[in-house]
Amino acid sequence: MKVFQTKKSLQAYLNESRALNKKIGLVPTMGALHLGHTSLIEQAKHVNDIVVCSIFVNPTQFNDPKDLEKYPRTLEADIALLEDVDCDVLFNPSVEEIYDNNEKWYLDIGDLEFILEGKFRPGHYQGVMQVVYKLFDIVKPANAYFGQKDYQQFLVISKMVDLTRMEIKLTICPIVRESDGLAMSSRNRHLTAYDHELAIVLSRTLNWVKENFYKKSIDALLEEAKLLISSNPNIVFEYFEVVDGLTLKPANHQTEKVVALVAAKVGNTRLIDNILIK
Ligand code: PAF
């Protein structure tokens with residue numbers, strides 16, 4: 001695997017490949033890689049000649065400086081994992097390589113920025129768009145891959161690509177779960193064994209809502225889901241919503257694409273998860 005830290009060296013390599021008509025796929029990550037990330041790389045390898053994985057813990061998407069500080073950084077293990085799945089290129093820039101001092105960014109994506117995750121993490125999605133725009137501009141991939149676990153993030157990035165008219169095909173890849181149902185996440189390594197046990201309630205509740213979708217009203221489902229999750233005092237419930245999968249506005253039983261999304265703090269770790277209901 002080739003490893004680049006600067007835009008210039010990465011672009012020189014990619015330009016040569018592009019001149020040979022090679023198709024480039026990008027998997028943007030913040031590192032602390034797990035099987036969810038490697039599934040994205042594997043998916044990318046099916047349709048691209050060169051797969052670039054970026055590892056960059058992006059400061060502008062953290063609204064809480066403590067969260068940024070404690071975000072796991074495991075570069076050596078990440079490189080080993082990327083080599084195992086035959087990733088072609090790792091782009092691992094410094095903050096200075098990506099950002100100039102006091103850089104400004106704002107893109108109006110309407111309500112999508114402020115609902116669900118946006119409500120609990122103000123400014124988060126502007127930071128995500130800012131860095132993904134930069135990564136797209138540097139790598140100029142034909143395809144880019146994101147995990148379904150960050151369902152709202154995928155919609156935000158799709159909207160950004162539409163508004164900025166970037167010609168990049170985005171692919172959303174299924175959530176990879178532990179055998180007990182917990183959605184894989186870089187943040188899971190902060191969970192104690194006890195927290196991990198508790199966290200399983202998130203995927204269990206999502207599954208329960210899916211199974212009972214046509215048996216109860218959506219209000220009743222939401223009420224029950226909230227009760228199930230907040231019944232343990234070590235879990236701080238943030239939201240559980242059943243929404244239209246395209247707009248993230250509240251769904252009803254007739255909505256064509258429905259997704260249930262949840263966020264909660266388990267111990268000291270904030271987790272999100274979701275399930276496609278239909
Ligand atoms: O999903 C993530 O890991 C990050 O939000 C992303 C897309 C790499 C941007 O920093």
Side-chain angles (χ1 to χ4, degrees), residues 4 7 10 24-41 43-44 51-65 67-75 77-78 81-82 87 89-99 103 105 107 109 112-113 116-118 120-141 143-161 164 166 168-176 183-190 261 263 269-274:
F4 298 100
K7 296 181 264 191
L10 173 70
I24 298 166
L26 173 65
V27 178
T29 82
M30 298 208 296
L33 302 181
H34 49 71
L35 297 183
H37 294 113
T38 53
S39 76
L40 304 181
I41 311 255
Q43 173 100 354
V51 175
V52 179
C53 173
S54 60
I55 295 184
F56 178 67
V57 182
N58 172 38
T60 68
Q61 71 187 74
F62 286 83
N63 49 315
D64 174 359
D67 192 24
L68 170 61
E69 198 183 306
K70 76 169 200 205
Y71 199 84
R73 288 156 172 92
T74 58
L75 188 59
D78 290 350
L81 208 52
L82 290 175
C87 182
V89 174
L90 166 61
F91 180 46
N92 174 222
S94 64
V95 172
E96 296 71 35
E97 183 67 15
I98 295 294
Y99 291 114
E103 229 178 277
W105 164 276
L107 186 66
I109 55 164
L112 193 52
E113 182 189 343
L116 299 162
E117 280 303 282
F120 287 86
R121 304 183 71 188
H124 170 65
Y125 285 127
Q126 288 297 336
V128 168
M129 287 191 285
Q130 182 180 26
V131 77
V132 173
Y133 182 87
K134 278 173 182 272
L135 291 169
F136 283 177
D137 192 45
I138 295 165
V139 176
K140 301 195 179 6
N143 295 295
Y145 299 82
F146 298 89
Q148 185 200 310
K149 191 173 75 66
D150 295 286
Y151 190 88
Q152 188 176 1
Q153 169 173 276
F154 186 78
L155 295 188
V156 165
I157 294 170
S158 303
K159 182 111 190 180
M160 179 204 65
V161 164
T164 57
M166 285 183 141
I168 298 175
K169 180 169 180 273
L170 305 181
T171 300
I172 187 165
C173 304
I175 298 177
V176 178
M184 290 205 184
S185 161
S186 303
R187 293 173 191 273
N188 288 357
R189 57 191 85 204
H190 292 316
L261 301 118
T269 310
R270 186 171 185 279
L271 298 175
I272 57 172
D273 197 355
N274 66 77

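This is a predicted model, so every value here is computed, not measured. Counting begins at 1 with the first residue of the sequence. Atoms within each ligand, like the ligands themselves, are counted from 1 in listed order. Excluded from the calculations below are hydrogen atoms, water molecules and symmetry mates; all remaining heavy atoms, backbone and side chain alike, are included.
In this structure, Glu103 places its CD atom where more than 12 heavy-atom neighbours from other residues, nucleotides or ligands lie under 6.0 Å away.
Taking every non-hydrogen atom of Thr29 and a distance limit under 4.0 Å, the qualifying atoms of ligand 1 come out as 8 (C). Atoms of ligand 1 lying under 4.0 Å from at least one heavy atom of Val131, given by number and element, are 9 (C), 10 (O).
Classified by interplanar angle (parallel below 30°, tilted 30° to 60°, perpendicular above 60°), the ring pair Phe136/Phe146 is perpendicular.
Closest heavy-atom approach to atom 8 (C) of ligand 1 among the candidates Ser54, Pro28, Pro59: Pro28.
For the residue pair Tyr99/Thr60, the side-chain donor-acceptor check at 3.5 Å is satisfied.
At under 3.5 Å, a nitrogen or oxygen of Gln61, whether backbone or side chain, sits near a nitrogen or oxygen of ligand 1.
Within the model, atoms CD1 of Ile168 and CE of Met160 stand 7.0 Å from one another, a figure rounded to the nearest 0.5 Å. If you take OH on Tyr151 and CG on Asn274, they are separated by 7.5 Å, rounding to the nearest 0.5 Å.
For atom 7 (C) of ligand 1, the closest non-hydrogen atom of the protein is Gln153 NE2, 3.5 Å.
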